[in-house]
Amino acid sequence: MAKRLTEKQKKDIIQGFESGNSIDFLSKEYKCTKLTIIRNLKKNLGESKYKDLINKKSSQRKIDFQEIEFNNSLNKQFDDQVTDKDSRKLNKSEAYENGSDFLSLDSFFEIAPVDYEIENTSRQELSSVPISEINFPEVVYMIVDKKIELEVKLLKDFPEWEFLPNDDLNRKTIEIYFDLNLAKRSCGKDQKVIKVPNTDVFRIAAPILTSRGISRIVCAENLIAL
């Protein structure tokens, strides 16, 4: 059961997230699951703003990591340069001792620019929860198009699950909502929200969904395996 947060905690979580704190940090700070943090952020910020902040954080992490790699490369090349200079100094000393009148001048050292892409996507294995172990609420909501066709997405379209392996990210999914207001905020102009009063329909329809290549149900609480 997800921890129920107070209204003050919810406001503090939103402010912390907008200030740059990660979901992992907020989860540990408020002693609740990451999914609880994600659910409250999406509910209060809205789907669009939440995704914008997630993408901004991912871009910033990539830039920071590139700077670290560049600095490490720069330090290594600097150390190599110092070692080379020490070696040349030793050779000069030997030349003086041997009476040589000719000493070569130090050459300029050029640092090659860092022009390669660095992938900084943190991923880990995560087992989905089987649908047989899920206790659905009495009513859930879904987003469909005007022809009542299910909106099918790939798991990689959900920023909160981007840490999963590539094989999982390419799975087809459908999304359900436990909160009507959150579903409405995520609904596009050419879509509409429908009510699912009998959630047993997901267990009944699981074989049909899997036959169409849909193997996961995404919700605020869990990633459900059909």
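Note: hydrogens, waters and symmetry copies are ignored here, and every other heavy atom, side chains too, is used. These numbers come from a predicted model, not from an experiment.
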Stepwise side-chain contact (heavy atoms from CB on, under 4.5 Å) check, Ile176 with Phe136: CA-CA 11 Å; Ile176 61 175; Phe136 288 105; 3.7 Å; yes
Would Thr173 and Leu154 satisfy side-chain contact (heavy atoms from CB on, under 4.5 Å), going step by step from the backbone distance to the final call? CA-CA 6 Å; Thr173 70; Leu154 295 179; over 6 Å; no
Assess the residue pair Lys51 and Phe158 against the criterion (side-chain contact (heavy atoms from CB on, under 4.5 Å)); give the C-alpha distance rounded to whole Å, side-chain angles, the decisive distance to 0.1 Å, and a yes or no. CA-CA 8 Å; Lys51 289 182 179 180; Phe158 298 89; 5.6 Å; no
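Proximity of Lys156 to Trp161: side-chain heavy atoms (C-beta onward) are nowhere separated by under 4.5 Å. Residues Glu151 and Glu175 fail the side-chain proximity criterion, which asks for heavy atoms closer than 4.5 Å. No side-chain heavy atom of Ile224 sits under 4.5 Å from any side-chain heavy atom of Phe202. The shortest side-chain heavy-atom distance between Ile38 and Ile23 falls under the 4.5 Å cut-off. With a 4.5 Å cut-off on side-chain heavy atoms, Leu45 and Leu53 count as touching. Residues Ile134 and Asn222 meet the side-chain proximity criterion, which asks for heavy atoms closer than 4.5 Å. Taking the side chain as every heavy atom from C-beta outward, Val144 and Gln191 never approach each other to under 4.5 Å.
Across all their heavy atoms, Val218 and Leu223 have their closest contact at CG2-CD1, 3.8 Å. Counting all heavy atoms, side chain and backbone alike, Ile37 lies closest to Cys32 at CD1-SG, 3.5 Å. Arg216 and Ser128 make their closest contact through NE-OG, 3.0 Å (heavy atoms, listed as atom of the first residue, atom of the second, distance). Minimum interatomic distance between Leu26 and Ile13 (heavy atoms only, all atoms of both residues): CD1-O, 3.8 Å. Minimum heavy-atom separation, Asp168 to Leu164: CB-CB, 4.1 Å. Across every non-hydrogen atom of Glu138 and Thr199, the tightest pair is O-CG2, 4.0 Å.
Looking at Arg185 and Glu47, no side-chain N of the basic residue comes within less than 4.0 Å of a carboxylate O on the acidic one, giving no salt bridge. Using a 4.0 Å cut-off between a side-chain N of Lys or Arg and a carboxylate O of Asp or Glu, Lys49 and Glu18 qualify as a salt bridge. For the pair Asp12 and Lys8, the salt-bridge criterion is met [side-chain N within less than 4.0 Å of a carboxylate O].
Under the 4.5 angstrom side-chain criterion for Ile, Leu, Val, Met, Phe, Trp and Tyr, the cluster partners of Val193 are Val139, Tyr141, Ile143, Tyr177, Leu180, Leu182.
Taken to the nearest 0.5 Å, the CG atom of Asn21 stands 11.0 Å off from the CD atom of Gln15. The distance from atom CZ of Phe25 to atom CZ of Phe17, rounded to the nearest 0.5 Å, is 13.5 Å. Summarising the geometry, atom CG belonging to Asn44 is positioned 10.0 Å from atom NZ belonging to Lys11; distances are rounded to the nearest 0.5 Å. Separating the CG atom in Asp145 from the CG atom in Asp190 is a distance of 8.5 Å, to the nearest 0.5 Å. Separating the NZ atom in Lys34 from the OG atom in Ser22 is a distance of 9.0 Å, to the nearest 0.5 Å. A distance of 10.0 Å separates OG of Ser215 from CG of Leu209, quoted to the nearest 0.5 Å.
For Lys153, the NZ atom sits in a packed shell: over 12 heavy atoms of surrounding residues, nucleotides or ligands are nearer than 6.0 Å. Annotation: Lys42, atom NZ; neighbour count of heavy atoms from other residues, nucleotides and ligands within 6.0 Å is above 12. The local environment of CG in Asp200 is crowded, with over 12 non-hydrogen atoms from other residues, nucleotides or ligands closer than 6.0 Å. Dense packing is recorded around CZ of Arg203, with more than 12 heavy atoms of other residues, nucleotides or ligands lying under 6.0 Å away.
With hydrogens and angles disregarded, no donor-acceptor distance shorter than 3.5 Å links the side chain of Ser27 to the backbone of Asp24.
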